[in-house]
Amino acid sequence: MIIAIDGPAGSGKSSTAKAVAARLGITYLDTGAMYRAVTLKAQRLKIRYDDDTALGIIMAHTTIAFEGLPPDVRVIMDGDDVSADIRSDAVTKSVSDYCARDVVRKFLVEQQRQAAQGRSVVCEGRDIGTVVFPDADVKIFMVASVEERARRRQKDFAAMGVSKSVEELIKDIEARDHKDSTRANSPLTKAGGAIEMDTTGMTLEDQIMFIVNKVKT
Ligand code: DC
């Protein structure tokens, strides 16, 4: 069984997807973390987002794995735990540029399909229901108001000891939304057959039950 959850930054995908996976006892696949890991590696190697040749080389020499069970899933790149580094401001600001490249997407989409072979997964991202798993059993498209999403991001940052204003976060989120939904390659868009879920004002438990009930019916 495949549960595909797409939606913009801060719509509630990650916490909900992790919790649904834990409740159903199935694998959780965070595809955004994979795009973040590649961005981190490219930045460390000083490879620009538009250098497709160099990106192609690193893609062929990068391993990305997940360890642990949700909610505590660690992202391991080339053997190192990069779970914290992939959430840095520098990565968050550039990931939309790197993830728009064909060479990056082709490679990661293939890895995502392989990761789901022969097992049930909850997979979250931007193109899961449209491109990666168009035949998913359940497709959810999560949305929330930009103010609510900025408030959630503010809490996430506060948990990491970083203070950010809601205004600044709204600007960052709007910029990323724009890039993610207007790119030529697999833009963020609601998949055919996806159920739209507006999480503004919903509790995490409401969100989990909404999806678990769709699986059961
Ligand atoms: O969900 P996130 O914020 O960790 O995702 C990071 C970036 O990766 C986001 O700006 C869009 C991109 N992404 C994508 O293009 N396709 C996916 N399936 C998942 C994420």
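Just so you know, these numbers come straight off a predicted model, no measurement behind them. Just so you know, ligand 1 is whichever comes first in the structure, and atom 1 is the first atom listed for that ligand.
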| Should the proximity of Ala9 to ligand 1, defined as any heavy atom under 4.0 Å, be assigned to the side chain, the backbone, both, or neither? | neither
| message | Please check: side-chain N/O of Lys18 versus main-chain N/O of Tyr28, any donor-acceptor pairing under 3.5 Å? | response | no
| Distance from atom 12 (C) of ligand 1 to nearest protein heavy atom, with residue and atom | Cys99 SG, 3.6 Å
| note | Contacts satisfying salt bridge (Lys or Arg N to Asp or Glu O under 4.0 Å) that involve residues 22-36 (not counting sequence neighbours) are Arg23-Glu205, Asp30-Arg87
| said: Looking at Asp89 and Lys93, is there a salt bridge between them, counting it only when a charged N and a carboxylate O are closer than 4.0 Å? | reply: yes
| task | Show which atoms of ligand 1 fall inside a sub-4.0 Å distance from at least one heavy-atom site of Ser96. | result | 10 (O)
| note | Taking only non-hydrogen atoms of Asp127 and a 4.0 Å limit, the atoms of ligand 1 in range are 16 (N), 17 (C), 18 (N)
| request: Measure Arg36 to ligand 1 on non-hydrogen atoms and call it side chain, backbone, both or neither using the 4.0 Å cut-off. | output: side chain
| note | The protein heavy atom nearest to atom 20 (C) of ligand 1 is Gly32 CA, 3.5 Å
| With clusters built from Ile, Leu, Val, Met, Phe, Trp and Tyr whose side-chain heavy atoms come within less than 4.5 Å, directly or transitively, what are the remaining members of the cluster of Phe157, listed by chain and number? | Met160, Val162, Leu169
| Shortest non-hydrogen separation from Lys13 to Asp6 and the atoms involved | CD-C, 3.6 Å
| Close approach of Lys93 to ligand 1, heavy atoms, under 4.0 angstrom | no
| query | Would a distance-only check, ignoring hydrogens and angles, find a side-chain to backbone donor-acceptor pair under 3.5 Å from Arg48 to Asp50? | reply | no
| query | Between the side chain of Arg183 and the main-chain N/O of Ser186, is any donor-acceptor distance below 3.5 Å? | reply | yes
| field | Under 3.5 Å: donor-acceptor pair, side chain of Glu67, backbone of Ile76 | value | no
| said: Please determine whether any non-hydrogen atom of Arg183 lies less than 4.0 Å from an atom of ligand 1. | reply: yes
| Under 4.0 Å from any heavy atom of Arg105, which atoms of ligand 1 are there? | 14 (C), 15 (O), 16 (N), 17 (C)
| field | Protein residue, atom and distance nearest to atom 1 (O) of ligand 1, heavy-atom basis | value | Arg126 NH1, 2.9 Å
| said: Under 4.0 Å from a heavy atom of Asp180: which atoms of ligand 1 are those, numbered in the order shown and with their elements? | reply: 9 (C), 10 (O), 11 (C)
| note | Any heavy atom of Arg87 under 4.0 Å from ligand 1? The part involved is side chain
